[in-house]
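Shown next, in C-alpha cells, is the structure this report addresses.
All residue numbers refer to positions in the sequence shown, counting from 1.
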Amino acid sequence: MILDDNEDIRLVRCDNRSRVLQRALNECREERRPYVFLTPTMREIAVLKRILVPVTMLEEETYKAEICTYLARKTGAHIILLPANDYGSHARNNTNRIITHIESVRDKTGEEITYELAEARRDSFHLYEEAVSRQRDFAHQLLVLTASRDYGLDDLIFGPPERKAIARSQVPVMLVNPREDLFSLCD
C-alpha cells in the first residue's frame with residue numbers, strides 16, 4: 001500500500017484484496033481531505049471528463065457538493081448526479097442541495113460547470129453497488145463516494161459498501177469522510 005500526500009487530496013495505491021483495502025480504509029478514517037483509491041484493476045485518469053456522484057438519503061451526501069464542484073471547475077469535467085430511487089424524499093433533497101451549490105458557484109465565478117441527473121434503479125442501500133455495475137453506461141473517469149459514518153456489525157462482518165465499490169470499480173474512487181470539520185479545497 002502506497003500513500004501519496006498532496007496538500008488537497010490523498011492518493012492511496014493498493015491491491016484490491018479485501019484485507020488490504022480495509023487496512024487502507026481504516027488508516028484514512030480520520031482524514032479530513034478527500035482521498036482517492038487506485039488499484040491495479042482501475043484505469044488511471046489521463047483527462048478527467050466525467051465525474052459520477054451517487055447521492056443517497058444520508059445528510060452527509062451534501063459534503064460531496066464542494067468536492068465535485070471544485071473538480072469540475074479545475075478540470076472542466078461534467079458532473080453526473082445519481083440520486084437513489086428511494087420511497088422518501090431525502091435523496092432528492094440532497095441532490096437538490098448539491099445542484100444549488102453547483103449553480104451558486106457557477107453564478108459567482110461565471111465558469112461553465114455542467115451537470116446532469118441520471119436515473120438510479122436501486123435504493124440508497126444498494127446505490128454504490130449500482131454505480132459500480134453501471135460504469136459503462138456513464139463512461140466516467142472518477143467515482144465520488146461518501147465513506148461510512150460508523151461501521152456497524154454488518155460492515156464488520158461483510159465489509160462496508162465503499163470497500164466493495166473500490167474492489168469492483170474500474171475507475172478511481174474518491175472518498176469523502178462524513179465529518180463536520182471537513183477540509184475545504186483552496187482555489
Side-chain angles (χ1 to χ4, degrees), residues 8-10 12 22 24-37 50-73 77-108 113-134 138 140 142-166 169 172-186:
D8 290 338
I9 296 173
R10 186 174 194 177
V12 182
Q22 191 60 53
L25 284 168
N26 291 341
E27 286 184 27
C28 295
R29 287 291 287 162
E30 297 300 318
E31 190 68 52
R32 294 176 60 217
R33 303 172 288 181
Y35 46 102
V36 178
F37 274 84
R50 295 168 66 88
I51 303 167
L52 181 61
V53 183
V55 184
T56 68
M57 66 181 175
L58 300 174
E59 66 183 50
E60 55 262 15
E61 291 293 306
T62 57
Y63 296 153
K64 294 189 234 182
E66 186 176 337
I67 304 297
C68 66
T69 304
Y70 175 83
L71 290 171
R73 284 181 59 210
H78 179 73
I79 301 169
I80 305 165
L81 298 171
L82 183 67
N85 187 9
D86 290 336
Y87 290 112
S89 61
H90 291 293
R92 283 191 303 275
N93 290 343
N94 289 339
T95 304
N96 290 336
R97 286 187 199 119
I98 293 173
I99 290 171
T100 301
H101 180 78
I102 292 169
E103 290 176 350
S104 69
V105 169
R106 183 172 57 190
D107 292 344
K108 286 178 188 174
I113 302 173
T114 59
Y115 68 90
E116 71 178 274
L117 285 173
E119 292 286 326
R121 299 177 189 132
R122 315 271 320 258
D123 62 5
S124 288
F125 300 108
H126 301 94
L127 186 63
Y128 289 178
E129 181 182 323
E130 177 182 346
V132 170
S133 67
R134 292 181 61 193
F138 298 118
H140 58 282
L142 183 67
L143 178 61
V144 180
L145 305 177
T146 303
S148 297
R149 195 179 318 157
D150 294 311
Y151 289 151
L153 183 60
D154 57 336
D155 293 328
L156 295 173
I157 294 171
F158 302 113
E162 62 267 19
R163 185 180 85 194
K164 295 172 189 171
I166 294 167
S169 181
V173 177
M174 177 179 279
L175 287 173
V176 178
N177 281 333
R179 295 171 49 128
E180 293 295 325
D181 58 342
L182 274 179
F183 179 76
S184 181
L185 296 171
C186 299

Are the side chain of E130 and the backbone N or O of R122 linked by a donor-acceptor pair below 3.5 Å?
yes
Residues Y35 and N177: side-chain donor-acceptor under 3.5 angstrom:
yes
Output, in order, the C-alpha distance, side-chain angles, deciding distance and verdict of side chain to side chain contact (heavy atoms under 4.5 Å, CB included) for I98 and Y115.
CA-CA 10 Å; I98 293 173; Y115 68 90; over 6 Å; no
Shortest non-hydrogen contact from A118 to P83?
O-CD, 3.5 Å
Could you report the tightest heavy-atom contact between C68 and I79, atom names first, then the distance?
O-CD1, 3.6 Å
With sequence neighbours excluded, tell me which residues meet side-chain hydrogen bond (donor to acceptor under 3.5 Å, both in side chains) with R50.
none
Main-chain N/O of T56 paired to D86 side chain as donor or acceptor, under 3.5 Å
no
Would you indicate whether H101, at its atom NE2, is surrounded by more than 12 heavy atoms from other residues, nucleotides or ligands within a distance under 6.0 Å?
yes
Looking only at heavy atoms, which two atoms of P172 and V36 are closest? And how far apart?
CB-CG1, 3.9 Å
Closest non-hydrogen atoms of R10 and C28, given as atom of the first, atom of the second and distance, are NH1-SG, 4.1 Å
Taking all atoms of both residues into account, what is the closest heavy-atom pair of K64 and L145, and its distance?
NZ-CA, 4.0 Å
Do D123 and H126 pair up side chain to side chain, a donor and an acceptor below 3.5 Å, judged on atom types alone?
yes
Residue from L143, V53, L142 passing side chain to side chain contact (heavy atoms under 4.5 Å, CB included) with M174
L142
Determine whether a donor-acceptor pair (N or O, by modelled atom type, separation under 3.5 Å) exists between the side chain of T62 and the backbone of E59.
yes
Flag side-chain contact, heavy atom, 4.5 Å: Y63 against T146:
no
CA sep, side-chain torsions, deciding dist, call: N94, R97, side chain to side chain contact (heavy atoms under 4.5 Å, CB included)
CA-CA 5 Å; N94 289 339; R97 286 187 199 119; 2.8 Å; yes
R73 and V105: which non-hydrogen atoms are nearest, and at how many Å?
CD-CG1, 3.5 Å
Residue pair R29 / N26, side-chain donor-acceptor N/O under 3.5 Å
no
Taking R106 for its side chain and I113 for its backbone only, find out whether a donor-acceptor pair lies under 3.5 Å.
yes
